[in-house]
Amino acid sequence: MVFPKKFLWGASTSAFQIEGAYDEDGKGLTTMDIRSFKDSDTIADTKIAMDHYHKYKEDVALMKELGMTAYRMSISWARVLPDGDGEINQKGIDFYNRLFDELVANGITPIVTLYHFDLPIGLVKQYGGFQSRKCIDAFVKYAEICFTHFGDRVKHWLTINEQMVISNLPAFQGIEAQEKSIREKAGWQTYHHMCIAHALVVKKYREMGMTGGIGPVLSYSTYYPASVDPKDVLTAKQVENLKVFCLMDTHFHGKHPQYLINYLTERDLMFTMEAGDEALLANAKPDFIGLNWYTTGVVGAYSDGTDINDAKSELMPRRDRNMPGVAQFYLNPYVEYNEWNWNTDPEGLRYALLGMWERYHLPLLIVENGLGHRDTLENGEVHDTYRIKYLSGMIDNMSLAIDDGVELMAYCPWSFIDVLSSSNGIEKRYGLVYIDRTDSDPKKLERIPKDSYYWYQKCIKNNGSTS
Ligand code: BGP
C-alpha cells in the first residue's frame, strides 16, 4: 500500500514534558509542575525538562533533517495566561510565534493540542479547576486567544489530551488533597465540564471562521474479551465503551450516551447537568479524531475480583485499572510486554482503526503511539532495535487499515525527543532522539539521534515502506 500523497509523517511531544523554563518569562505554574516537584529528588521535574524552550531551533532542525512533515505538540496554557484566565503574557505568545514560524519555514505542519494535562494552578486555586463551570469559560477564552494569534499558521487543532485520563487522576486536576469518595464524583463532574468546554471551543473555532480543522484526543486502548464466554465478550464491549467510546459518542452525537448515564447513576457518581447543557453539547461534531494508541488489554466479566491489578498492581499500566463489579483484567499470552506492562500489538492497531472508522467515519490522526524503554547510550549511539520493530509493525498495520478504507491523515509517534514520562521521569524513554540527561543530572541535554531516527527517516523518504 502507498500512503496518501498528503499523509502527514510526524512525531509528538507535549509542553510540560519538554519545554522546561517552568517559571521563565512570566509562565504560571501548572498541576504538572506541582506534581513533578513532589518526587524531584529522584525523578526529573519540569524545571528544565529537555530545555526545548531554549533549544527549539535545534529541535526543529532535527525534525527537518528527519523529513517530518508534521509535528504534534501542545501549547502551555499557563505560558499564555499565567493564571489561566487573567492577563495575556506577551512573552508566552512570542515564544509560540517563534516556534510556529520556525516550523512553517521548515515545511512542518503543526498539529497543536490546547490542553495536555498541564492545568494552570491559578484555575485550581480560584475555582477548583474543571469542577467549576468557570473553568469552561476560561478554556474558551484561552482557545480564542490561541486561534487569534496562531490560527494563521496552525490548521490542525486538538482540544483536550486524554480527557478520560485527566478525569481519573486527581493530581492532574489538582484535587488530590480531597477524600477519595469525593474525588471520584468530582472527576466525573470534571469530565462533564470538559465535554462542554470541548464543544464550546469547537463552536468558537467555527464562529470565528477559522480555516482548518479541530477535534479531540482520545486515550484509546483496545480491549479484547478474555474468552468466548458471552459474558466476557459483552464485558469487553462495555469496558471499551466506558473507557473510550463514551467520550467520542458525546463529541459526535452531542449528548452523553445512555449507557454512561446508567453506569454512573447506578454507582451514585452521576454528574450534575444544568438546564441548557444539552444545547451546549449539541452541534459540535469534530472535523477529525486524534488518537493516542499504545496497547491492547484483555478483560473478562467481574467474578471474584482476583484480577491482575490486585496481584501485581504496581506493574499495571494506569489505563488498566480494576473496575469492581464490571471487569477484571488479564495479561495476553500472545503479545510481548515491556517492563511497565504495556504490550506491543500491531494487529491491535489495525483492529482499533477499523473500529473507530466504522463507528464515526471521521478522518483519524494517530498523535501518539510508541514504546517506552530504558535506552542506553553506547559510544555516542543508541541501538534501539526494539523500537524500530514496534514502529515498523504499527506502520505496516496502518497501511493495511488504509487499504481497508480507513481515512488516516497522520502518524505522529510518541515521542520526537525523549521527554519526561508522565509517570516515570526520564528513565522510561520513547524518543527518536536521545536526550543526554538523567533524572538527577541534566548534563548538557545533548540531542543524539537514535537508530530509530535514521530508520524512520528512511521510512518517511520511502513513503511508509518499513523494510
Ligand atoms: C499518554 C500521554 C503522554 C505520554 C504517554 C506515555 O497518555 O498523553 O503525555 O506521557 O502517555 O505515558 P508515560 O509517560 O506514562 O509512559
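Position 1 is the first residue of the sequence; numbering continues from there. Atoms within each ligand, like the ligands themselves, are counted from 1 in listed order.
- Judged by the shortest distance from any of its heavy atoms, N161 lies inside the 4.0 Å radius around the atoms of ligand 1.
- Under the 4.5 Å side-chain criterion, counting only non-hydrogen atoms from C-beta, V433 is in contact with F416.
- With atom 8 (O) of ligand 1 as the reference point, the heavy atom nearest to it among Q17, M32, E368 is part of E368.
- Here F37 and Y22 bring their ring centres to under 6.0 angstrom of each other.
- A heavy-atom distance below 4.5 Å is not found between the side chains of L364 and M409.
- Within the 4.0 Å heavy-atom criterion, both parts of S421, backbone and side chain, lie near ligand 1.
- Of the listed residues (Y294, W340, Y430), the one carrying the non-hydrogen atom nearest atom 5 (C) of ligand 1 is Y294.
- In this structure, H192 NE2 and Q131 CD are separated by 13.5 Å, a value rounded to the nearest 0.5 Å.
- Set against the non-hydrogen atoms of F117, the atoms of ligand 1 under 4.0 Å away are 2 (C), 8 (O), 9 (O).
- Taking only nitrogen or oxygen atoms, main chain and side chain alike, W342 does not reach within less than 3.5 Å of ligand 1.
- Shown in contact with N292 at under 4.0 Å from a heavy atom are these atoms of ligand 1, numbered in order with element: 8 (O).
- A salt bridge links D436 with K443: the closest approach of a Lys/Arg side-chain nitrogen to an acidic carboxylate oxygen falls below 4.0 angstrom.
- Side-chain contact between V202 and W157: absent, with no pair of heavy atoms (C-beta onward) separated by less than 4.5 Å.
- Annotation: W414 places no N or O atom under 3.5 Å from an N or O atom of ligand 1; distance criterion only.
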